[in-house]
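Have a look at the structure below, then the notes.
The model shown is predicted, which means the values in this text are computed figures rather than measured ones. To find a chain, count down the sequence lines: A is the first, B the second, and so on, and within it residues start at 1.
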There are 2 protein chains.
Amino acid sequence: MAADYRLDRIDRRILKILQAEGRLTNQALASRVALSPSACLARVRHLERIGVIQGYHARLDPFRLDIGLVLFVEVILEGHSPEEQARFEAAIEAMPEVVEASHVSGDVDYLLKIVVANMMEWTRLREKFIGGDLGVDRITTHALMRKPKIFKGYPISDP
Amino acid sequence: MAADYRLDRIDRRILKILQAEGRLTNQALASRVALSPSACLARVRHLERIGVIQGYHARLDPFRLDIGLVLFVEVILEGHSPEEQARFEAAIEAMPEVVEASHVSGDVDYLLKIVVANMMEWTRLREKFIGGDLGVDRITTHALMRKPKIFKGYPISDP
DNA sequence: TGTGAAATCGATCCTTA
DNA sequence: TAAGGATCGATTTCACA
């Protein structure tokens with residue numbers, strides 16, 4: 001999947017723009033990076049094919065969706081062998097409530113983003129973590145109240 | 001901004017689809033929700049106008065961007081008055097390295113997502129947090145190593 | 001890799017229901 | 001609110017540099 005492809009200046013400008021304005025037309029994008037539409041489209045398709053662009057998404061306001069609760073959960077495993085990690089990761093892969101998982105260094109092993117309809121659902125899901133045989137030692141929960149700064153993409157330097 | 005507008009079944013289907021496929025053409029979207037293109041476009045524009053759709057973004061692979069380090073930082077403030085929170089939030093608003101901030105309930109006050117080029121940069125930025133007059137009591141840092149589950153949007157029920 | 005032209009397809013607006 | 005049709009603009013392919 002061309003994991004070693006080197007992004008040039010124009011690629012980076014394309015990525016920066018599409019990260020901020022995902023529905024920009026190819027023509028507008030082309031003129032902003034000073035390419036013909038066909039050359040620009042070829043680059044975008046290439047970036048998609050090699051996996052630098054992983055998808056396009058509408059960003060929705062979670063507080064307008066009757067989504068329930070958004071929780072950030074820190075997980076510490078009992079053991080840290082590859083097998084134990086794989087078992088845990090397979091378990092969360094199968095939980096639709098877990099919408100994002102990050103494996104991190106430090107005193108904590110995983111940071112999860114979890115969406116549940118209400119506290120009761122969280123109480124039930126919580127038991128799967130601590131009671132179950134997922135090899136979890138301890139979890140800490142934080143409930144989202146407000147988003148003072150919203151993620152709109154990674155910083156990409158122009159040059 | 002029509003914060004009380006009630007989403008109907010078709011709105012929710014539109015949101016679910018655009019959240020997963022942000023660059024879908026209006027025609028394709030229209031046929032998937034069984035509307036004419038013009039009616040579908042009017043709904044999408046409406047959802048954008050009232051702020052349920054906040055933007056469109058290409059999702060990029062952070063490990064392919066030479067971005068440096070992605071850090072998750074937990075922040076505990078010394079005090080919890082509205083003024084102290086506002087001061088802290090204004091400070092992180094002005095830091096481009098802080099790409100996302102969540103105000104959460106529990107023993108921690110804020111969860112930050114921070115992107116820095118390298119450890120040295122983080123060491124410098126860290127001092128702004130603990131040394132500065134931001135009213136920060138304590139921070140805990142986790143560095144992203146791997147993403148076993150990637151966020152692709154909130155769960156939206158069909159009916 | 002890039003350009004420009006040609007053909008197809010999509011977005012958008014307006015009218016009518 | 002929705003549909004249909006007209007118009008204008010965008011996407012995509014291809015021959016060529």
(Q) Strictly by ring pair (Phe, Tyr, Trp, His ring centres under 6.0 Å), give each pair with a member in residues 89-112 of chain A just once, sequence neighbours left out. (A)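 For residues 89-112 of chain A: A/Phe88-A/Tyr110, A/His103-A/Tyr110.
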
(Q) To the nearest 10°, give me the bend of the helix from C/dT1-D/dA17 to C/dA17-D/dT1, comparing the axes of its five terminal pairs at either end. (A)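 Comparing the axis at each end, I get an angle of 30°.
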
**Q.** Per B/Ser38 side chain, nearest of listed nucleotides D/dT13, C/dG2, D/dA3
**A.**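 Output: D/dA3.
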
What is the distance, to the nearest angstrom, from the [atom1] atom on [X] to the [atom2] atom on [N]?
X: B/Arg43; N: D/dA3; atom1: CZ; atom2: C1'; value: 14 Å
X: B/His46; N: D/dT1; atom1: NE2; atom2: C1'; value: 12 Å
X: A/Leu41; N: D/dC14; atom1: CG; atom2: P; value: 13 Å
X: A/Ile10; N: C/dT3; atom1: CD1; atom2: C1'; value: 14 Å
X: A/Arg45; N: D/dC14; atom1: CZ; atom2: P; value: 15 Å

Expected list for residues 66-82 of chain A: side-chain donor-acceptor pairs under 3.5 angstrom, two or more places apart:
unit_1, atom_1, unit_2, atom_2, d
A/Glu74, OE2, A/His142, NE2, 2.8
A/His80, NE2, A/Asp109, OD1, 3.0
A/His80, NE2, A/Asp109, OD2, 3.0
A/Ser81, OG, A/Glu83, OE1, 3.4
A/Ser81, OG, A/Glu84, N, 3.2
A/Ser81, OG, A/Glu84, OE1, 2.9

Between side-chain atoms of residues 52-62 of chain B and protein atoms elsewhere (two or more places apart, or another chain), which donor-acceptor pairs fall under 3.5 Å?
unit_1, atom_1, unit_2, atom_2, d
B/Gln54, OE1, A/Arg59, NH1, 3.1
B/Tyr56, OH, B/Glu48, OE2, 2.6
B/His57, ND1, A/Gln19, O, 2.6
B/His57, NE2, A/Arg59, NE, 3.0
B/His57, NE2, A/Arg59, NH2, 3.2
B/Arg59, NE, A/His57, NE2, 3.0
B/Arg59, NH1, A/Gln54, OE1, 3.1
B/Arg59, NH2, A/Gln54, O, 3.3
B/Arg59, NH2, A/His57, NE2, 3.3
B/Asp61, OD1, B/Phe63, N, 2.9

Just list the side-chain donor-acceptor pairs under 3.5 Å for residues 116-135 of chain A, sequence neighbours left out, or say none.
unit_1, atom_1, unit_2, atom_2, d
A/Asn118, OD1, A/Met120, N, 3.2
A/Asn118, OD1, A/Glu121, N, 2.9
A/Thr123, OG1, A/Met119, O, 2.8

Using atom types as modelled, flag every donor-acceptor pair under 3.5 Å from a side chain in residues 22-42 of chain A to any protein atom, sequence neighbours excluded.
unit_1, atom_1, unit_2, atom_2, d
A/Arg23, NH1, B/Gly22, O, 2.9
A/Arg23, NH1, B/Leu24, O, 3.0
A/Arg23, NH2, B/Leu24, O, 3.0
A/Thr25, OG1, A/Ala28, N, 3.2
A/Asn26, ND2, A/Pro37, O, 2.9
A/Ser31, OG, A/Ala28, O, 3.3
A/Arg32, NH1, A/Glu21, OE1, 3.3
A/Arg32, NH1, A/Glu21, OE2, 3.4
A/Arg32, NH2, A/Glu21, OE2, 3.1
A/Ser36, OG, A/Ser38, OG, 3.4
A/Ser36, OG, A/Ala39, N, 3.3

Q: Can you sort out the partners of A/Glu100 under salt bridge (charged side-chain N to carboxylate O under 4.0 Å, His left out), two or more places apart, ordered by chain and number?
A: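 Scan of A/Glu100 (salt bridge (charged side-chain N to carboxylate O under 4.0 Å, His left out), adjacent residues dropped) gives B/Lys147.
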
Q) For B/Arg43, what residues pass the salt bridge (charged side-chain N to carboxylate O under 4.0 Å, His left out) criterion, not counting sequence neighbours? A)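 B/Arg43: salt bridge (charged side-chain N to carboxylate O under 4.0 Å, His left out) contacts with B/Asp8, B/Asp11.
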
Q. Under a 4.0 Å heavy-atom cut-off, which of residues 20-37 of chain A touch DNA chain D?
A.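 Heavy-atom contacts with DNA chain D come from A/Thr25, A/Asn26, A/Gln27.
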
(Q) Counting only heavy atoms not in A/Arg146 (residues, nucleotides, ligands), do more than 12 fall under 6.0 Å from its CZ? (A)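 Yes, enclosed.
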
